[in-house]
Structure formats: structure tokens, C-alpha cells
Amino acid sequence: MINLLAGVAEVLLGLGILYFPTRVRASWGIVLMLLAFIPAHVYFIQINTCVDGGLCVPEWIGWVRLILIHPLLIFWATWVAKNPKLYV
């Protein structure tokens, strides 16, 4: 249920980026969600990137996601929040 709600929040925040009046708030919401998900990514790596009865991926994917992709997404979202008119 938490995963479903987080997915809905991600979609709504993504749509909020497209609509100028909500762009800054949506960007900061994305930053907060990305920061909140860091412990989940660390846990995913700790359990050897395999969820019981579900997703199993190579360990390097978890590390790339945590060390490369996650910071890039946080940088992008803060950049959009500070430069909202550049996406008009």
C-alpha cells in the first residue's frame, strides 16, 4: 500500500512540474521524496538487491541507483525549483 501511494505521489508531483503555478512546490516535493527514499535504497542493497517473492536485480544496479542516479535526480529537481521559468 505504501509503495502504491508513493507511486501516485510521484506521478502527481511529476505532473505538477508540467504546470507552471505548481512547478516550484512540485520540485521541492520531489526532492523530499527522493531524500525520504534513500533509506529504502540502502536497505535494498543490504538485502542483496532481492525482494522476497519479487524483484531481483544485480547488486551494481542498486549502487548505481543510489550513488549516481539519485543525486542527479535531486540536483535536477532543485535546479527546476530554483529556475522554474526555464521550462516554460
Side-chain angles (χ1 to χ4, degrees):
M1 181 62 139
I2 291 173
N3 196 25
L4 178 67
L5 292 174
V8 169
E10 287 176 351
V11 169
L12 291 175
L13 289 170
L15 291 172
I17 292 279
L18 299 175
Y19 184 57
F20 183 73
T22 60
R23 186 168 295 155
V24 172
R25 285 191 204 128
S27 298
W28 288 118
I30 289 171
V31 170
L32 291 175
M33 285 192 71
L34 287 166
L35 292 173
F37 290 158
I38 289 174
H41 292 303
V42 171
Y43 177 71
F44 189 67
I45 292 168
Q46 287 175 338
I47 61 171
N48 297 320
T49 61
C50 197
V51 178
D52 290 337
L55 176 67
C56 287
V57 297
E59 185 177 348
W60 67 268
I61 290 177
W63 285 107
V64 167
R65 212 165 99 187
L66 180 64
I67 300 204
L68 181 64
I69 295 172
H70 217 72
L72 284 174
L73 289 173
I74 291 171
F75 171 77
W76 166 78
T78 53
W79 189 82
V80 170
K82 293 177 181 180
N83 303 291
K85 293 185 179 185
L86 293 178
Y87 281 100
V88 175

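The structure displayed is predicted, hence computed values, not measured ones.
Remark: S27 OG to I74 CD1 distance equals 13.0 Å, nearest 0.5 Å. Distance CG/L73 to CG/L68: 9.5 Å, rounded to 0.5 Å. The structure places CZ of F75 at 14.0 Å from CG of L34, a figure rounded to the nearest 0.5 Å. F37 CZ to E10 CD: the interatomic distance, rounded to the nearest 0.5 Å, is 5.0 Å. Atom CD1 in I69 sits 11.5 Å away from atom CD1 in I67 (nearest 0.5 Å).
Surrounding CG of L18 are more than 12 heavy atoms belonging to other residues, nucleotides or ligands, all under 6.0 Å away.
Counted by atom type alone, H41 and R65 present one or more donor-acceptor pairs between their side chains at under 3.5 Å.
When every heavy atom of I30 is checked against every heavy atom of G14, the shortest pair comes out as CD1-N, 4.5 Å. Contact record, V31 with A77: CG2-CB, 3.5 Å, taken as the closest heavy-atom pair. Across all non-hydrogen atoms, the minimal contact from L66 to P71 is O-CD, 3.4 Å. For the residue pair L35 and H70, the shortest heavy atom distance occurs at N-NE2, 4.5 Å.
Placement of L32 and L13 in two distinct hydrophobic clusters is found when ILVMFWY residues are connected by side-chain heavy-atom separations under 4.5 Å, directly or transitively.
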